Every structure is written in C-alpha cells, then in structure tokens.
**Student:** 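Before we start, here is the structure in question, set down as structure tokens.
Numbered from 1 within each chain, the chains take letters A, B, ... in sequence-line order. Keep in mind that what you see is a predicted model, and the values were worked out from it rather than measured.
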Number of protein chains: 2
Amino acid sequence: MNIGEASARSGVSAKMIRYYESIGLIEAPSRTAAQYRVYADDDVHTLRFVRRARDLGFSLEETRELLALWHDRSRASADVKKLAMAHIRDLEAKAAELQAMADTLRHLAAHCHGDHRPDCPILSDFATQPLLAEKA
Amino acid sequence: MNIGEASARSGVSAKMIRYYESIGLIEAPSRTAAQYRVYADDDVHTLRFVRRARDLGFSLEETRELLALWHDRSRASADVKKLAMAHIRDLEAKAAELQAMADTLRHLAAHCHGDHRPDCPILSDFATQPLLAEKA
DNA sequence: CTTGACCTTCCCATGATGGGAAGCCCCATA
DNA sequence: TATGGGGCTTCCCATCATGGGAAGGTCAAG
C-alpha cells in the first residue's frame, strides 16, 4: 500500500511517517520504480504503536526506546515497567504543575471584582510578586 | 542599568529581554553611545510582570494582552478576569489531559508483572489498541 | 595598557508538526 | 489516446520560547 493508505490506517500523517523514517524511528520501506514508498501490514502495526505511544505523551526518543523493547523478545517486563513508571511520574508532575498555576490564578481571580471598575488584584500581583523559585 | 543587571533583577535572561524587545512585547530602551541598552527601574517592573505571567503559563501573545490591560487604566476589571478565567480553563484542561494519560499508563502498568519474564501488557496494548479519538 | 567581564549582532538548534511549492506518476473517464 | 485530478516525491519554511555560541566592540579595575 502507498503512504496515504498507511496513514489512514495508522492515524499517523503522511508527513510524520516520512519524518519518522528520516530520523530513523521507523525503517525505510521498499519503493516502487517510481520511488513511491510501499508499506506492508506490519508497518501499519508499527505506526499504530508509535501513534499510541505519542498519544500517551511519550517523546519520540522515549518511543524509540519503547520500540526497541517491543522488538526485543528477551528483555524483562521489568524494563518496560520501569520506563512506564518513570513516564507516569513525569506526566503527573507536569499535571500538578499546571494545576498549581491554575490554582494560583483562581485565587487571584477570586479577589477581582470583575465589574466595570479598573481595580484588579490579578495584574497588581503580576507587577509586584517576588520571583518564583527558578525552575530546575 | 545595563541588560545584565536588569536581567538579574527581573529574573528574565538577557537573551529573552532582547527577544521580547525584537517582537515588540516590551519597548526598546535608550542606548549609550556604545549601543549598550540602558534600563530604568520601571523597565525591571515590566520585565517582572512578564516573568510572572510566563510563570503562570500565559503565552507571549497572552502576556502581550495582559500588558496592554495593565497599562490601560480605563479598562474594566471584568476584562482582566475574563482573560484569567479562560486561561484557568486551558490550564486545567491540559492538566486533566496529562493526568488521564498517566491514569491510562498506570492502569496498564498495574497488569505488568515487572519481573524477569518478557510478557508485558503495556507494549501489547500499544501495538493493538484502536486509535484514540482524533484531537481537536 | 592589559585583562577579563560585559555588551552587541547574527546564526543555529531544539521538538513535533503543518503548510506549501514544484514536479513526477497513475488511473479513470471522455 | 489524451486529459484531468489526485496522489506521490523532495525541499524549504513556520511555529513557540528559549538557549548556545561565535565574532567583535566596550568598559573598569589593576
């Protein structure tokens, strides 16, 4: 099948399929005489794997590791779980960070009348708050 | 004061201060004969405002709007609150999305033995799950 | 006067993705 | 058989916010 069909079947855009190939995330498929890429069902399988990993927030480099683990039948499930757990911690840390920002803003907004008057503690806070701790 | 001191006092890197100037987020300061940028206390005040907005997850374009609101003494606090509330919704939606990813992974990981054996439902799921709904 | 810290501009890189141009290929229909 | 339209190819550019680093000018202390 051509790249268009592989894209439709895997949910990965043709643009991204070519990109993943260019960075060596997936293997280069064979080509027709006219240089058209030709994919097999197995390739769609792999693309879906990548798509799923991306949907779950893994970076392309992490996805690369997952693919390697997937192809390595001798690796222990502990290796996979370790990577997954580390990623879960990352995701939850980021979620908590966003929620903390929202909480801070919500707190400020609670003290803003939100009427026709110009006074608003949200902006005054922005202008005067001491710096937050530097990000690591 | 020079850009280095303005940077130290505001918590915004010199690199970013120049960038913010280049995109018109902040005004171009006056210069010495040697083309060194010269900042006043008020500029540091503005930079801190920007820093705080960024820390709270506002994009540079949103920060631009906030700066305009800050400088506009005739605007109603409702305008500010409206922007803030919209941003809070964005932040909470993103936080929830990340948490949902983490939950999904945690669920998968719970069924992975995590021992020396190779079987791991995490990766098998990746390879076989139907596509998630397309993102908006 | 030298040295070192600071400033200037300019270009490049990141991560993941999309947009679009120019040009070739393939198939169906008139 | 010719033509048209859609799909394929490569290549370059844009996004968002930030940092790295080179090459060169400047300033202040010793």
Side-chain angles (χ1 to χ4, degrees), chain A residues 1-26 28-39 43 47 49-67 87 90-91 94 97-98 101 132 134-136, chain B residues 1-26 28-39 43 47 49-67 87 90-91 94 97-98 101 132 134-136:
Chain A
M1 82 193 80
N2 284 344
I3 199 170
E5 190 179 341
S7 168
R9 285 211 213 162
S10 65
V12 178
S13 74
K15 208 92 179 178
M16 279 304 101
I17 295 177
R18 294 193 196 98
Y19 175 64
Y20 293 163
E21 178 188 330
S22 82
I23 63 169
L25 183 70
I26 59 177
S30 55
R31 304 268 189 142
T32 66
Q35 291 304 102
Y36 280 26
R37 289 172 177 79
V38 181
Y39 296 93
D43 298 320
L47 285 170
F49 182 103
V50 172
R51 168 71 198 263
R52 176 82 169 138
R54 300 285 304 119
D55 280 342
L56 288 172
F58 287 91
S59 71
L60 287 184
E61 281 316 302
E62 287 166 333
T63 301
R64 195 191 292 276
E65 291 183 60
L66 290 170
L67 276 171
H87 187 54
D90 282 0
L91 288 172
K94 278 179 202 157
E97 194 183 339
L98 290 176
M101 292 181 196
L132 265 49
E134 299 293 328
K135 292 180 189 169
Chain B
M1 82 193 82
N2 284 343
I3 200 170
E5 190 179 342
S7 168
R9 286 211 213 161
S10 65
V12 179
S13 74
K15 208 93 180 176
M16 279 304 100
I17 294 177
R18 294 192 197 98
Y19 175 64
Y20 293 162
E21 179 189 329
S22 81
I23 62 171
L25 184 69
I26 60 177
S30 55
R31 304 268 190 141
T32 67
Q35 291 304 104
Y36 280 27
R37 289 171 177 80
V38 181
Y39 296 93
D43 298 320
L47 286 170
F49 182 102
V50 173
R51 168 70 198 266
R52 177 82 168 138
R54 300 285 304 120
D55 281 341
L56 287 172
F58 287 92
S59 71
L60 286 185
E61 281 317 302
E62 287 167 332
T63 301
R64 195 190 293 274
E65 291 184 59
L66 289 171
L67 276 171
H87 187 52
D90 282 0
L91 288 172
K94 277 181 204 155
E97 195 183 338
L98 290 176
M101 292 180 195
L132 263 48
E134 299 293 327
K135 291 179 190 170

**Student:** Heavy atoms from C-beta onward define the side chain here; which of C:dC7, C:dC26, C:dA16 lies closest to that of B:N2?
**Tutor:** C:dC7
**Student:** Counting side-chain heavy atoms from CB outward, which of D:dT9, C:dT17, D:dT18 is closest to A:R31?
**Tutor:** D:dT9
**Student:** Using a cut-off of 4.0 Å on non-hydrogen atoms, how would the nucleic acid contact of B:R18 be classed: base, sugar-phosphate, or nothing?
**Tutor:** base
**Student:** What's the shortest heavy-atom distance between B:G57 and B:H87, and which atoms?
**Tutor:** O-CE1, 2.9 Å
**Student:** Round to the nearest Å and state the distance from A:Q35 atom CD to C:dC26 atom P.
**Tutor:** 11 Å
**Student:** State plainly whether the residues B:E61 and B:R64 are in salt-bridge range, i.e. N to O under 4.0 Å.
**Tutor:** yes
**Student:** Can you tell which of C:dT17, D:dT9, D:dT18 lies closest to the side chain of A:R37?
**Tutor:** D:dT9
**Student:** Here's a test of your reading of the structure: between B:T32 and B:F58, which maps to the more 5' nucleotide of DNA chain D?
**Tutor:** B:F58
**Student:** To the side chain of A:Y19, which of C:dA16, D:dT26, D:dT18 is closest?
**Tutor:** C:dA16
**Student:** Given atom NZ of B:K15 and atom P of C:dT8, what is their separation to the nearest angstrom?
**Tutor:** 11 Å
**Student:** Do B:R51 and B:D55 meet the salt-bridge criterion of a basic N to acidic O distance under 4.0 Å?
**Tutor:** yes
**Student:** Is the phosphate of C:dT17, meaning OP1 or OP2, less than 4.0 Å from a side-chain N or O of A:Y20?
**Tutor:** yes
**Student:** Would you say a side-chain N or O of B:S13 is under 4.0 Å from OP1 or OP2 of D:dG19?
**Tutor:** yes
**Student:** Please give, in whole Å, the distance from C:dT9 P to B:I17 CD1?
**Tutor:** 13 Å
